[in-house]
Amino acid sequence: MPRRDNQPTTPSPLTKPFSIKPSSKSKTYSGGSSRSEYVSPVNNKLSRGKSGSGSGSRTGSSKGEKSKVLEVDLSDTESLCRSLWNSDKCPCNNSLDSWLIDCSNCKQYWHLDCVTLNGLNGDDINKLLKWRCPFCYVAPVSTAQITADDSCMTCRNTKTLRDANHAFEVAVAASHIKNSAASNEADDLTSHSSILASENSMKCMESEFKQLSDRCNQMFHDVSKNVAKLETEITKFVSSQPLATSSDLPNTETHSVLLQRISDQLEAISQNQANTGPITQPPSHPVPPVDTFQDPPPSPPTIAQHHQKSTGGIIHEFINENTSTSIIDLLQASDFKSENGRSTLSFGEPYTYTGSKSNRSTTIPFPDVLQPVVDKINQLQKDIFYADHPDMKKNEARHPAPLVNSCLVNRFTGPDSFLPSHSDNEIMIHPESSIFTLSLGESASVKFSEIHPEPNLVYDTELTSDHRSLYHMTRKSQDFFRHAIDKGSIANGNRFSLTFRCVSWKNRNSTCIIGDSNTGMLNFGVNKRSTFGELMPGQKYWAPLFQHYKLNTFIEQVDHD
Ligand SMILES: O=C(O)CCC(=O)C(=O)O
Ligand SMILES: [Fe+2]
């Protein structure tokens, strides 16, 4: 729970965790330059030593720790760090007039200023109840190779990420301009920095426009060439036709008139294009029209900006009756563990989630009867993966599709059973994979709901998963939708659902680089310069200022309970 610095034992009477007084020594994140640097709190602490500690040092104070440092084996950095650690005190080691927030995972306290939370409003802070600190936060990332076509050559992000950043920047800039207009603070530094940030985005857009313009020119060139060829073909064809009889004459005339007209029109089009010239770049610092930031008129319901769908669809009768009978026989003879609303059993690679009763760490091979189902699902998995990544299909050996290797079986027994609302957003599920659920026995209604609902957008859906059907969802969609099976949705009788996932522990060690052009040279993957290595995949995020970072990325999703 949040508390004030220098008040370690008295819990804060804070009822609204967001009524925060800014620290007297608070850092500025937007001053002078847009440079943002990530300083590892561990290194920070080690290099400052205890001499940098502020006047209000607390229990486990500097003297004792200082002598401890000398006793620690310096080759063991981790134990050295732990010996220095005092989780009650912010790793910056200073006393600030600031609120402290504790990490939901390691319980380490941090000044709000030190984790750049000071800029948040009340609603935002209230959403941080399951906040993870910089030591514990693991970023969900894509490990798929990014092709040149997928990435922006200017900011080095994937295009999807870059577009999300742009949309976010525009919103931030709009809110700052509105605020400073309201408070008459035209010189407000923050609004300047937002505009600066938007200028950075403009650079990406400019380069995108340039590429688009080049591509359009090339396309126009190709089309003109093809039309010319076509013209020749038509002329050849017409002249090879037998001479017209008198009754055909008007038609033959029409042909040549038509040809002439096509040729005139093509001439006109190319003339027109030459006058217009290639698509030009926008001015580098466009000034938005005055009414750009006025409230837009209410828009009709539309699809969500993230372009994710709750489900990829359902395939009825995915397996035949014989196979389903054999699987049900196997499951009925197996031991299930009781969980909230249903019982579970698993095969393949271990898969755990919050609240899971399984602590299995070894692999259980898929039973023979499941293997053909796994093979059929993996064919589907490949089709979906390569449809999303057509470039990788050209070299499947180098870019293998993720394959399902883990199966969690849920057993539902009649209308009292249920599955709490959750999303399969565990970090060990391959980020580019799909999750498949085979249903056996009674039907169930699976409800999908938006995690971050926005007004005017329609997304909540429902599907009926019936006997022998298979429905699927992407791992990516799990960051945007939850799914649930409500009480009463299953009739009297048993339903087994078998959910197949691609599980890989490699994805736990992921890193998120938040920065600007100064962090541009850092890379992920293998065989690259300044790389984090194969086991440390990650994502770059262009965000020189904290407000450019999407808050949702910090918030853990609600899991199975
Ligand atoms: O039973 C179902 O249809 C859904 C199962 C599920 O969502 C899960 O196990 O995570
Ligand atoms: Fe699920």
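Since this is a predicted model, take the numbers as computed values, not measurements. For ligands, and for the atoms within them, numbers begin at 1 and follow the listed sequence.
- Residue Asp424 approaches the Fe ion (ligand 2) most closely through its N/O/S atom OD1.
- Restricting His483 to its N/O/S atoms, the shortest distance to the Fe ion (ligand 2) is reached by NE2.
- Between Asn410 and ligand 1, at least one N/O pair is under 3.5 Å apart.
- Between His422 and ligand 1 there is a heavy-atom distance shorter than 4.0 Å.
- At least one N or O atom of Arg501, backbone or side chain, sits closer than 3.5 Å to an N or O atom of ligand 1.
- Partners of His467 by side-chain contact (heavy atoms from CB on, under 4.5 Å), not counting sequence neighbours, listed by chain and number: Glu321, Ser324, Ile328, Leu440.
- At a threshold of 4.0 Å, the pair Asp391-Lys394 counts as salt-bridged, since one of the basic side-chain nitrogens sits closer than that to a carboxylate oxygen.
- Distances below 4.0 Å separate heavy atoms of Leu408 from the following atoms of ligand 1: 9 (O).
- Aromatic ring centroids of His483 and His422 lie under 6.0 Å apart.
- Which parts of ligand 1 touch Ser497 is read off a 4.0 Å heavy-atom cut-off, strictly below it: atoms 1 (O), 2 (C), 5 (C).
- Arg411 forms no cation-pi arrangement with Phe496, by the criterion of a distance under 6.0 Å to the ring centre and an angle within 45° of the ring axis.
- Glu432 has a carboxylate O that lies under 4.0 Å from a charged side-chain N of Lys476, or vice versa, which qualifies the two as a salt bridge.
- Scored by the salt bridge (charged side-chain N to carboxylate O under 4.0 Å, His left out) test, Lys487 finds no partners at all (sequence neighbours excluded).
- A distance-only check finds no donor-acceptor pair linking the side chain of Arg482 to the backbone of Glu450 [under 3.5 Å].
- Listed by number with element, the atoms of ligand 1 under 4.0 angstrom from any heavy atom of Phe412 are 1 (O).
- Of all the atoms in ligand 1, the ones that sit under 4.0 Å from a non-hydrogen atom of Thr437 are 2 (C), 3 (O).
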